K.L.:
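Below is a structure I'd like to ask you about.
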Amino acid sequence: MNKMNIFVGGKWQPGRGKEIESRFPGDNHLVATLNSASLEDVEDAVIAADVAWRKPSWRNLPPHQRAAILYKASTLIDEKCEELARLQTLDNGKPWAEARGLVMSAASTARYFAAVCEVSGGELPPRRHPDLMTISTYQPIGVIAAITPWNSPIASDMQKIAPALAAGNAVILKPAEATPLMALKLAEIFEQAGLPSGLLSVLPGKGSVVGDALVRHPLVRKISFTGGTNTGRQLAHIAADKLITTSLELGGKSPTIVLADADLDLAAHGVCYGIFSSMGQACIAGSRVFVARDIYDAFMEKLTCLTEKLIIGDPRQEHVHIGPLISPAHRQSVQSYVDLAIQEGGAIRLGGKVPADPALQEGNYFCPTIIEGLSNHARACQEEIFGPVLVVIPFDNESELIQEANNSVYGLAAGIWTRDYSRAFQLADALEAGTVWINTYKVFSISTPFGGFKESGLGREKGLESLKAYMQQKSLFLAINPQPNRWCE
Ligand code: ADP
């Protein structure tokens with residue numbers, strides 16, 4: 001198998017760092033090998049990026065021409081949708097239909113930021129003096145470090161590349177070590193779309209080596225990160241020392257609330273999708289469910305019944321719901337959380353183990369798991385498991401419910417299932433979460449800001465304003481009727 005090249009400062013070349021592999025989590029066969037970026041590669045990419053974003057040909061390129069590159073990239077992604085989705089499934093084991101959804105979302109993210117950059121401009125603040133006009137403009141920041149995790153690569157890569165380029169910056173993307181393939185594909189696509197050389201580099205490799213060197217580089221002026229809370233905190237420290245901004249999209253332990261008046265069928269379908277799609281490997285997974293005691297048994301029966309019907313299997317097959325987890329080590333971590341939950345007094349209602357199917361033994365599969373009988377204080381209810389594990393807790397009254405739902409270091413998302421929209425609004429208002437879904441779950445819109453409260457993050461991605469997170473504001477003062485300032489006379 002030929003080793004893949006990486007993309008450094010506009011050149012395809014072998015990485016000069018350690019060998020890394022992409023393996024298909026469905027049976028752990030080798031999909032690709034490549035050498036990760038070395039520290040010299042980081043240096044070369046950053047220098048090239050710094051030269052590239054300062055070039056007048058990019059700095060002065062009118063926004064509609066920057067947009068044209070993004071539109072072209074989105075068209076190329078649409079044209080290659082099937083091929084990219086297949087590669088995404090091979091790279092991280094995401095079921096085929098979900099992988100296709102991610103690819104389409106990457107294309108629409110590129111289109112959205114193309115449109116936003118065409119229409120967004122500066123401001124004319126109200127005049128405070130008849131002889132003075134002020135103009136507020138937005139300029140690029142410079143070299144952006146974009147660091148992404150392995151769970152939804154193409155979508156999270158594009159969520160950073162598109163606004164950063166639309167705003168006139170250069171980007172260096174460091175994908176997760178386990179899943180380098182989509183980032184490299186995106187580099188190819190942007191090259192074909194006519195992005196000038198040096199504005200995008202892709203540096204696969206270990207976070208603690210390549211990612212660390214990248215974010216510490218003095219010419220890197222912003223960190224846009226999606227990943228675990230501990231890593232995010234480390235990066236925030238580095239950013240604080242450098243006095244640069246960060247955008248951090250971090251972990252979650254999102255509560256979902258099923259009120260007594262909920263449409264139980266709707267709620268059971270939503271809760272099932274909210275936790276078990278992507279095998280629970282999603283920061284927004286609805287992994288803690290609070291159910292009104294009056295309807296607890298009826299709801300659990302429906303939820304269990306639906307979950308039992310989920311098809312576990314090779315994610316390349318169209319009808320499969322539950323594919324493998326990313327790696328054997330991650331499956332072990334999920335299993336350890338289930339064991340811990342049992343030690344903490346939890347009872348397994350469903351799953352809790354590796355599937356028995358002989359056809360699945362080579363892959364990192366884990367059965368969808370439902371655990372009851374824990375209090376919200378248990379570690380399995382407080383820590384992010386990042387797997388197909390749902391904890392379910394009954395509640396008796398709403399004030400206790402809100403307190404318990406908010407009793408978490410995280411605040412990424414929440415779900416509410418009820419027929420009463422007035423109660424839903426009140427609850428949504430009281431929940432400490434960056435996104436609240438009412439009678440739906442895990443749906444997104446690129447035009448709606450996304451991000452976390454508390455330890456789930458800083459800043460927002462998506463939405464009109466997110467372009468400005470990749471820009472810095474400059475104020476101009478213009479004298480309309482210039483007069484000498486006679487202060488020194
Ligand atoms: P996950 O648990 O989802 O893998 P991580 O936070 O470990 O979350 O990883 C998310 C991304 O951050 C990956 O690309 C990883 O390589 C990178 N990363 C991890 N540690 C560091 C670090 N110390 N500095 C920079 N990037 C890092």
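It should be emphasised that the depicted structure is a prediction, and the values quoted were computed from it without experimental measurement. We count ligands from 1, going down the list as the structure has it; atoms in each ligand are counted the same way.
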K.L.:
Do the non-hydrogen side-chain atoms of Y337 and D339 ever get within less than 4.5 Å of each other?
P.N.:
no
K.L.:
Using the side chain to side chain contact (heavy atoms under 4.5 Å, CB included) rule, take D27 and D314 through it: C-alpha gap first, then chi angles, then the decisive distance, then the call.
P.N.:
CA-CA 9 Å; D27 58 14; D314 187 324; over 6 Å; no
K.L.:
Does the structure place the NZ or CZ of K353 under 6.0 Å from the centre of the six-membered ring of F366, at an angle of no more than 45° from the ring's axis?
P.N.:
no
K.L.:
In terms of residue, atom name and distance, what is the protein heavy atom nearest to atom 27 (C) of ligand 1?
P.N.:
G207 CA, 3.3 Å
K.L.:
Are R54 and W58 in a cation-pi setup, meaning NZ or CZ lies under 6.0 angstrom from the ring centre and within 45 degrees of the ring axis?
P.N.:
no
K.L.:
Taking it one step at a time, do K160 and T148 satisfy side chain to side chain donor-acceptor pair (under 3.5 Å)?
P.N.:
CA-CA 9 Å; K160 299 184 187 313; T148 52; over 6 Å; no
K.L.:
In terms of atom number and element, which parts of ligand 1 are under 4.0 angstrom from non-hydrogen atoms of G228?
P.N.:
5 (P), 6 (O), 8 (O)
K.L.:
What residue and heavy atom of the protein are closest to atom 20 (N) of ligand 1, and at what distance?
P.N.:
T231 CG2, 3.3 Å
K.L.:
Under a heavy-atom criterion of less than 4.0 Å, does P175 contact ligand 1?
P.N.:
yes
K.L.:
Out of all atoms in ligand 1, which are within 4.0 Å of some heavy atom of D212? Include the element for each.
P.N.:
24 (N), 25 (C)
K.L.:
Does D44 form a salt bridge (charged side-chain N to carboxylate O under 4.0 Å, His left out) with R16? I'd like the steps, not just the answer.
P.N.:
CA-CA 11 Å; D44 290 354; R16 287 170 279 178; 2.7 Å; yes
K.L.:
Would you tell me which option among I223, I238, T226, T229 has the nearest heavy-atom contact to atom 10 (C) of ligand 1?
P.N.:
T226
K.L.:
Report yes or no: is the cationic atom of K253 (NZ for Lys, CZ for Arg) under 6.0 Å from the centre of the six-membered ring of Y410, at an angle within 45° of the ring normal?
P.N.:
no
K.L.:
What is the closest protein heavy atom to atom 17 (C) of ligand 1, and at what distance does it sit?
P.N.:
I147 CG2, 3.6 Å
K.L.:
Under 4.0 Å, heavy atoms only, figure out whether ligand 1 is touched by the backbone of N230, its side chain, both or neither.
P.N.:
neither
K.L.:
Does the distance from a Lys or Arg side-chain N to an Asp or Glu carboxylate O, for E318 and R100, drop under 4.0 Å?
P.N.:
yes
K.L.:
Enumerate the atoms of ligand 1 whose separation from the nearest heavy atom of Q234 is less than 4.0 angstrom.
P.N.:
23 (N)
K.L.:
Please identify which atoms of ligand 1 are closer than 4.0 Å to at least one heavy atom of G211.
P.N.:
24 (N), 25 (C), 26 (N)
K.L.:
Quick one: nearest non-hydrogen protein atom to atom 13 (C) of ligand 1, plus distance?
P.N.:
T148 O, 3.4 Å
K.L.:
Rounded to the nearest 0.5 Å, what separation is found between the CG atom of L70 and the SG atom of C117?
P.N.:
6.5 Å
K.L.:
Has L235 got any heavy atom lying under 4.0 angstrom from an atom of ligand 1?
P.N.:
yes
K.L.:
Select one of side chain, backbone, both or neither to describe which atoms of F386 lie under 4.0 Å from any atom of ligand 1, heavy atoms only.
P.N.:
neither
K.L.:
For atom NZ of K72, is the number of surrounding heavy atoms from other residues, nucleotides or ligands below 6.0 Å larger than 12?
P.N.:
no
K.L.:
Considering non-hydrogen atoms of the protein only, which is the closest contact for atom 1 (P) of ligand 1, and what is the distance?
P.N.:
W150 NE1, 4.1 Å
K.L.:
Identify, for atom 16 (O) of ligand 1, the protein heavy atom at the shortest distance, and state residue, atom and that distance.
P.N.:
K174 NZ, 2.6 Å
